Number of protein chains: 2
Amino acid sequence: MKIFIGDLNKAFESRVRLGMMSILLVNDFVDFATLKEQLQITDGNLASHIAALEKLGYIEIKKQFIGKKPNTSYLATKAGKKAFAEHLDALEKLIKQSVE
Amino acid sequence: MKIFIGDLNKAFESRVRLGMMSILLVNDFVDFATLKEQLQITDGNLASHIAALEKLGYIEIKKQFIGKKPNTSYLATKAGKKAFAEHLDALEKLIKQSVE
DNA sequence: TTTATTAACTTTGTAATTCAAAGTACTTTT
DNA sequence: AAAAGTACTTTGAATTACAAAGTTAATAAA
């Protein structure tokens with residue numbers, strides 16, 4: 001029995017950020033409105049979780065206009081994908097420890 | 001793309017409680033000292049996480065004496081195991097969504 | 001041309017969570 | 001009698017999360 005909770009990434013402890021990264025891992029660009037709808041949170045709350053992940057360099061922001069409407073979309077960076085993969089790895093090890 | 005962060009159990013969002021349940025899921029009785037050592041936290045902190053899980057009916061407490069020393073050990077209840085399994089299920093779905 | 005609307009925030013304030021440190025009760029060892 | 005061990009409880013501070021309201025800048029409607 002050896003436990004590694006220290007290998008879990010604090011950034012992904014929150015269900016919202018966990019959900020965001022899951023989405024961004026498999027979808028190249030996802031916009032604000034889509035994230036908000038998928039995660040079912042207020043826009044202010046979403047904005048702050050986005051800011052947290054961006055500050056860590058885990059996601060990037062791309063602003064553009066679609067037709068005449070502003071549209072902001074997000075993508076996971078290489079570092080973000082790596083960090084998330086490592087987190088999932090740690091999670092798996094944690095859960096599977098001493099099962100065999 | 002359909003996301004289910006609502007199916008994640010808030011009780012298991014904390015790395016400490018996640019670690020505790022992982023341990024208790026595969027070890028029938030684990031005592032205070034062992035948990036403390038595995039999780040690397042202070043005893044006060046551990047005690048409060050234990051209290052949180054007990055309040056939810058996810059773990060049970062068994063007090064005994066080993067020789068002359070008091071020994072408290074913990075075990076996951078049936079409800080606790082079920083809740084944890086559901087949480088892991090939700091986690092898996094969340095992570096694997098739209099991968100295929 | 002004023003007014004309303006939309007998108008994506010920022011700010012504010014509150015509530016909840018987490019944690020370490022210190023204190024406590026009871027017992028045992030020295 | 002003093003020190004140490006076990007399993008806490010209490011306290012207080014720091015961090016985090018969140019909703020609600022306010023903001024900015026652009027477009028669309030009246």
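Chain A is the first sequence line, chain B the second, and so forth, proteins listed ahead of strands; every chain is numbered from 1. The shown structure was predicted, so the numbers you read here are calculated from the model rather than taken from an experiment.
- The ring pair (Phe, Tyr, Trp, His ring centres under 6.0 Å) check on A:H49 picks up nothing, with sequence neighbours excluded.
- Residues passing the side chain to side chain contact (heavy atoms under 4.5 Å, CB included) test with A:L25 are A:K81, A:F84, sequence neighbours excluded.
- Listed by first then second residue, pairs satisfying side-chain hydrogen bond (donor to acceptor under 3.5 Å, both in side chains) with a partner in residues 55-66 of chain A read A:N9-A:Y58, not counting sequence neighbours.
- With sequence neighbours excluded, the residues satisfying side chain to side chain contact (heavy atoms under 4.5 Å, CB included) with B:E86 are B:K82.
- Side-chain N/O atoms of B:T42 and B:N45 include no donor and acceptor closer than 3.5 Å.
- Protein chain A contacts DNA chain C from C:dA7 to C:dT10, reading 5' to 3' and using non-hydrogen atoms of the protein with a distance under 4.0 Å.
- Looking only at distances, no side-chain donor or acceptor of A:T72 sits under 3.5 Å from a matching main-chain atom of A:F32.
- Taking 4.5 Å as the limit, some side-chain heavy atom of A:L53 sits within range of a side-chain heavy atom of A:F12.
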Which letter, B, S or -, goes with each nucleotide of nucleotides 13-30 of chain D from 5' to 3', with contact meaning a protein heavy atom under 4.0 Å?
----SSB-------SS--
